Novice: 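Dropping the structure in here first, questions after.
Values in this document were obtained by computation on a predicted structure and should not be read as measured data.
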Amino acid sequence: MTGADVVVVGAGPAGLACAVTAVRHGLTVDLVDAGWAVGGQYWRHPAPVEGADGAGAVTAGEVAHLHHDLPTYRALCSRLEEAVAAGRARTFLGHEVWTVGRRDGGWEVAATQRRAAGGRHAPGGGELRVAAPALVVATGAYDTSLPFRGWDLPGVMTAGGLQALLKGHAVAAGRRVAVAGSGPFLLPVAVGLAESGAEVVGVYEANPPTRWGRHLPAVARNVAKLAEGAEYAAALARHRIPLRTGRMVVEALGTDRVEAVTVARLDATGRPRPDGRTTVAVDAVGVGWGFTPVVDLAVTAGCATTRTDDGRHVVAETEGRTSVEGVYTAGETTGVGGAALALAEGERTAYSVLADRTGHDPDAARLRHLDRRIAALRSFAAAMAQAHAVPAGWVDATAAETLVCRCEEVPRAAVDHALRDREARDARQVKQLTRAGMGWCQGRVCEAGCRALVADRIGRPDRSAATERLVAMPVRMRDLLGTP
């Protein structure tokens, strides 16, 4: 195989389903992902063993109990392995894509190989460039973070960070751990910690369950979600993990690392009440406010995007086509909706690529099934976003000296000053005036908090345009040049 029909960036549920479906229907595929194994963050697996004997290394079997729907993952992996063996697919794992661009009427993907432990490239390291007539962006999402007092203490993590340590290294971040924020994702994180030997002192969900009462039609279309929720409720009870709703972590306490958290009850408007606050001793805490789609590559390719409460996402039809010819997308890049939706969208997008590349009309009954499933799951995702919205009073969990941007050490006071005294009108201007979001993480940690703070101060949602990043992530010149 010299040049593939399609390059898929991202080997999570959406990208994996897309690649396998495309190959099954006769297309050739190059699959590129930063992980050391396919599966993305949802089916995250330990890094490959280094050294001659691999003593002490974590195996996939040791973390299997932390995964959901492993039979689907194994079936997809088996089909992908068969395609690779037949020369119908190539996988480039451990490669971080830093840009995409047009080439000879198609699309070229540029990536650098991640460095293994000790800073070494794996054999054949350096820059990777692959091109194809079609490009599928399935880059997923990352944890949404909001600042609060003490959030820069060691031991304060995102909920996804806690789970990444569990799945990737079989490590619980602490002995006594609190899980907080909002959304169903908090439940598997808490259960996984408990099953790995940690004491979970509580799950602190900011929103009351009554908010779901407004979305019963969406729930009725997705009854399997009820069964899944019941399983987690039973697991919480089995491990004696208290679930406290209408509460939010407002401060992390400690000197050299987190030693306790302050939990506040929220009033009907979502603001912390001055009474009823409790301090809970912990040595780790994970706070998650949902996820933010990763759209950098899609923006670089020129795809239209729109901004919602869960961040900016790519505008795409049900079939996965974007506003740019030859560029497709699937999964969380189109809006956060979970693994089941990502799998369905990945398969549906593959059929669109197939139709556009070959004119072949896939099975109409299968397409109707996928379209109905996608519509139902999207309705549930929309309901979930509203039922687990960030509470209006989250800003009350910050102080003037609270760092909004940790990379550039920008406090909330600097953002307030830019808005109040320097007449900044949106988050983009705040970034230009304060350097918030210009550090190593390029805003991945602080952008959501900055935008939410700006929206709180100006009294309306921040709708500033997406920023094109020709370099989507930090990359070293020597990696591009292929020098040691």
Side-chain angles (χ1 to χ4, degrees), residues 143-163 165-166 171-183 185-187 189-194 196-209 236-237 239-290 388-404 406 411-413 445-446 449 452-453 456:
D143 291 83
T144 299
S145 300
L146 295 177
F148 58 95
R149 284 170 288 182
W151 78 312
D152 50 339
L153 279 171
V156 179
M157 308 174 66
T158 63
L162 293 178
Q163 190 179 70
L165 283 175
L166 286 174
V171 170
R175 295 182 301 275
R176 284 177 54 87
V177 188
V179 180
S182 189
F185 178 62
L186 303 182
L187 304 183
V189 173
V191 172
L193 285 165
S196 300
E199 177 187 358
V200 181
V201 298
V203 176
Y204 302 102
E205 162 63 58
N207 288 290
L236 291 178
H239 292 288
R240 299 181 180 178
I241 301 172
L243 172 61
R244 310 296 187 196
T245 59
R247 290 170 172 81
M248 181 171 69
V249 168
V250 294
E251 186 173 11
L253 307 168
T255 51
D256 296 328
R257 61 170 293 114
V258 63
E259 299 170 7
V261 291
T262 299
V263 179
R265 291 176 178 267
L266 303 181
D267 63 21
T269 66
R271 289 173 169 76
R273 291 167 43 180
D275 61 327
R277 300 194 177 198
T278 58
T279 299
V280 183
V282 298
D283 53 16
V285 56
V287 183
W289 296 105
H388 294 281
V390 174
W394 75 269
V395 176
D396 295 344
T398 66
E401 66 276 11
T402 300
L403 293 182
V404 176
R406 298 188 294 194
R412 194 200 74 190
V445 173
C446 67
L453 179 57
D456 178 82

Novice: Starting at OG1 of Thr402, measure out to CG of Leu146 and round the result to the nearest 0.5 Å.
Specialist: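 These two atoms lie 12.5 Å from each other.
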
Novice: Could you pull out the closest heavy-atom pair between Gly276 and Arg265, with the gap in Å?
Specialist: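 Taking Gly276 first and Arg265 second, the nearest heavy atoms are O-CG, 4.0 Å.
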
Novice: So which atom in Val285 and which in Val287 form the shortest heavy-atom distance, rounded to 0.1 Å?
Specialist: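 Heavy-atom minimum between the residues: CG2-CG2, 4.0 Å.
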
Novice: If you define the side chain from C-beta out and look only at heavy atoms, does anything of Thr278 sit under 4.5 Å from Arg247?
Specialist: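 Of all side-chain heavy-atom pairs linking Arg247 with Thr278, none is under 4.5 Å.
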
Novice: Surrounding CZ of Arg175 (heavy atoms of other residues, nucleotides or ligands, distance under 6.0 Å), is the total greater than 12?
Specialist: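 Open: at most 12 neighbouring heavy atoms sit under 6.0 Å from CZ of Arg175.
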
Novice: Looking at Pro411 and Ala400, what are the two nearest heavy atoms and their distance?
Specialist: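 Distance-wise, the nearest heavy atoms are CB-O, 3.6 Å.
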
Novice: With heavy-atom distances below 4.5 Å as the criterion, would you say the side chains of Val282 and Val177 are in contact?
Specialist: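 Contact flag for Val282/Val177 side chains = no.
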
Novice: With a 4.5 Å cut-off on side-chain heavy atoms, are Arg412 and Leu453 touching?
Specialist: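 Result yes, sub-4.5 Å side-chain heavy-atom pair found.
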
Novice: Can you check whether Gly270's main-chain N or O pairs, donor with acceptor, with Trp394's side chain at less than 3.5 Å?
Specialist: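 No; judged by distance alone, with no hydrogens or angles, the pair does not exist.
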
Novice: Would you mind reporting whether Leu186 and Val189 have side-chain heavy atoms less than 4.5 Å apart?
Specialist: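 Contact flag for Val189/Leu186 side chains = no.
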
Novice: Going from OG1 on Thr245 to OH on Tyr204, what distance comes out if it is rounded to the nearest 0.5 angstrom?
Specialist: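 Reported value, rounded in 0.5 Å steps: 12.0 Å.
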
Novice: Could you tell me whether a side-chain N or O of Arg176 sits under 3.5 Å from a main-chain N or O of Val280, the two making a donor and an acceptor?
Specialist: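 No, because the side chain of Arg176 does not come within donor-acceptor range (under 3.5 Å) of the backbone of Val280.
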
Novice: Can you confirm whether Pro272 sits close enough to Leu266 that some side-chain heavy atom of one is under 4.5 Å from a side-chain heavy atom of the other?
Specialist: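 Yes, side chains in contact.
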
Novice: Considering non-hydrogen atoms only, spot the tightest contact between Ala180 and Val249 and give its length.
Specialist: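 In this case the closest contact between Ala180 and Val249 is CB-CG2, 3.5 Å.
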
Novice: Output, in order, the C-alpha distance, side-chain angles, deciding distance and verdict of side-chain contact (heavy atoms from CB on, under 4.5 Å) for Trp151 and Val445.
Specialist: CA-CA 12 Å; Trp151 78 312; Val445 173; 4.0 Å; yes

Novice: Are Met248 and Pro391 packed together at the side-chain level, in the sense that at least one heavy-atom pair is separated by less than 4.5 angstrom?
Specialist: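 The answer is yes; the side chains approach within 4.5 Å.
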
Novice: Ignoring hydrogens and geometry, is there a side-chain-to-backbone donor-acceptor pair from Asp143 to Thr158 under 3.5 Å?
Specialist: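 Not confirmed, Asp143 side chain does not pair with Thr158 backbone.
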
Novice: Determine whether a donor-acceptor pair (N or O, by modelled atom type, separation under 3.5 Å) exists between the side chain of Asn207 and the backbone of Ala389.
Specialist: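 Checking the backbone N and O of Ala389 against the side chain of Asn207, a donor-acceptor pair under 3.5 Å is found.
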
Novice: Determine, step by step, whether Met157 and Leu165 satisfy the side-chain contact (heavy atoms from CB on, under 4.5 Å) criterion, reporting the C-alpha distance in whole Å, the side-chain angles of both residues, the deciding distance to 0.1 Å, and the verdict.
Specialist: CA-CA 11 Å; Met157 308 174 66; Leu165 283 175; 3.6 Å; yes

Novice: Compare every heavy atom of Glu205 with every heavy atom of Gly183, then report the nearest pair and how far apart it is.
Specialist: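 Nearest heavy atoms, Gly183 then Glu205: N-OE1, 2.9 Å.
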
Novice: Check the surroundings of atom CZ in Arg244: do more than 12 heavy atoms from other residues, nucleotides or ligands lie under 6.0 Å from it?
Specialist: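 Open: at most 12 neighbouring heavy atoms sit under 6.0 Å from CZ of Arg244.
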
Novice: Examine distances only and state if a side-chain atom of Asp396 and a backbone atom of Arg271 form a donor-acceptor pair shorter than 3.5 Å.
Specialist: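 Not confirmed, Asp396 side chain does not pair with Arg271 backbone.
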
Novice: Once rounded to the nearest 0.5 Å, what's the spacing between atom CG of Leu187 and atom CG of Leu236?
Specialist: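 One finds 5.5 Å between CG of Leu187 and CG of Leu236.
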
Novice: Using modelled atom types only, decide if a donor and an acceptor are shared between the side chain of Arg257 and the backbone of Asp283 within a distance under 3.5 Å.
Specialist: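 Indeed, once roles are kept as given, a pair shorter than 3.5 Å links the two residues.
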
Novice: Can you name the nearest heavy-atom pair linking Ala172 to Ala198, along with the distance?
Specialist: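 Ala172 and Ala198 have their closest heavy atoms at CB-CB, 4.1 Å.
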
